[in-house]
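Beneath this line is the structure, given in structure tokens, with notes to follow.
Values in this document were obtained by computation on a predicted structure and should not be read as measured data.
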Amino acid sequence: EVQLQASGGGLVQAGGSLRLSCKASGFTSDAYSIGWFRQAPGRERKGVSCISTVDGATYHDASVRGQFTISRDNAKNTVYLQMNSLKPEDTAVYSCAADTYGVTTAQAAADIDEYDYWGQGTQVTVSS
């Protein structure tokens, strides 16, 4: 059974940093992509970043480019989202998801329907 465990959220002041983790288990193949999505109150879920566990290709939404960095540790089956210079508008529930076929385009990376498995969310709150 595929499981994704997201953690690392919390309360931080504007300008601060957080690192989210998404630990994956149950995959029968090493070839998949992990994406991070966020959903702010009253807004739709939106793709933030994505990484392929095969070649390490990454995708970032324009709104977080240069601010967020996604990385992976295949030995730990864990994907990280380093979030720096956080702003109040980054406040949201952040969830990770897995695409077992692998994402190959930026458009696919941001498409919720591309993903097969979802973890629970972790709350990130940025105070001003």
Side-chain angles (χ1 to χ4, degrees):
E1 178 186 4
V2 172
Q3 290 188 337
L4 300 172
Q5 182 73 35
S7 61
L11 174 63
V12 64
Q13 289 188 331
S17 299
L18 282 174
R19 188 178 78 160
L20 305 183
S21 299
C22 177
K23 184 170 178 58
S25 62
F27 286 97
T28 58
S29 166
D30 291 334
Y32 56 90
S33 297
I34 296 289
W36 281 99
F37 291 77
R38 65 183 179 185
Q39 186 168 21
R43 307 190 71 172
E44 292 185 350
R45 184 177 291 180
K46 183 178 181 182
V48 174
S49 302
C50 177
I51 188 167
S52 166
T53 59
V54 176
D55 59 8
T58 61
Y59 306 90
H60 293 280
D61 184 75
S63 64
V64 302
R65 205 165 290 152
Q67 182 190 0
F68 291 4
T69 302
I70 191 169
S71 63
R72 75 196 196 281
D73 183 336
N74 285 355
K76 295 182 179 180
N77 294 323
T78 301
V79 168
Y80 303 99
L81 185 67
Q82 178 67 43
M83 307 185 296
N84 298 327
S85 303
L86 285 164
K87 300 169 279 190
E89 51 264 43
D90 294 317
T91 294
V93 174
Y94 286 71
S95 303
C96 59
D99 179 344
T100 52
Y101 293 97
V103 165
T104 58
T105 68
Q107 182 177 3
D111 185 351
I112 292 174
D113 293 333
E114 283 286 327
Y115 294 84
D116 310 295
Y117 300 95
W118 291 81
Q120 90 295 351
T122 184
Q123 177 70 46
V124 171
T125 303
V126 184
S127 62
S128 57

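Ser95 OG to Trp36 CH2: the interatomic distance, rounded to the nearest 0.5 Å, is 8.0 Å. In this structure, CD1 in Ile70 is found 10.5 Å from OG in Ser52, a value given to the nearest 0.5 Å.
In this structure, Asp90 and Gln67 have side chains that are in contact, with non-hydrogen atoms separated by less than 4.5 Å. In this structure the side chain of Val64 reaches within 4.5 angstrom of the side chain of Arg38, judged on heavy atoms.
When all heavy atoms are compared, the tightest approach of His60 to Phe68 is CE1-O, 3.4 Å. A pairwise comparison of heavy atoms in Arg72 and Gly56 identifies NH1-CA, 3.2 Å as the closest pair.
Of the candidates Thr69, Val103, Val79, Ile51 forms a side-chain contact (heavy atoms from CB on, under 4.5 Å) with just one, namely Val79.
By the 6.0 Å contact criterion, CD on Gln107 is open, its count of non-hydrogen atoms from other residues, nucleotides or ligands being 12 or less.
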Would you be so kind as to tabulate the donor-acceptor pairs closer than 3.5 Å made by side chains of residues 4-26, with sequence neighbours excluded?
{"residue": "Ser17", "atom": "OG", "partner": "Asn84", "partner atom": "OD1", "Å": "3.0"}
{"residue": "Lys23", "atom": "NZ", "partner": "Lys76", "partner atom": "O", "Å": "3.0"}

Please tabulate, for side-chain N and O atoms in residues 109-116, each donor-acceptor pair with protein atoms closer than 3.5 Å (sequence neighbours left out).
{"residue": "Asp111", "atom": "OD1", "partner": "Asp113", "partner atom": "N", "Å": "2.9"}
{"residue": "Tyr115", "atom": "OH", "partner": "Ala109", "partner atom": "O", "Å": "2.7"}
{"residue": "Asp116", "atom": "OD2", "partner": "Thr100", "partner atom": "N", "Å": "2.8"}
{"residue": "Asp116", "atom": "OD2", "partner": "Thr100", "partner atom": "OG1", "Å": "2.7"}

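Sorted by first then second residue, the side-chain hydrogen bond (donor to acceptor under 3.5 Å, both in side chains) pairs that include residues 118-128, not counting sequence neighbours, are Gln123-Thr125.
Between Tyr32 and Phe27, the ring planes are parallel. Angles under 30° get that label, and only those over 60° would be called perpendicular.
Side-chain atoms of Asp99 come within 3.5 Å of backbone N or O of Gly102 as a donor-acceptor pair. Checked by atom type and distance alone, the side chain of Tyr59 pairs as donor or acceptor with a backbone atom of Thr104 at under 3.5 Å.
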**Q.** Residue pair Ser63, Lys46: steps toward the side chain to side chain contact (heavy atoms under 4.5 Å, CB included) verdict
**A.** CA-CA 11 Å; Ser63 64; Lys46 183 178 181 182; 4.2 Å; yes

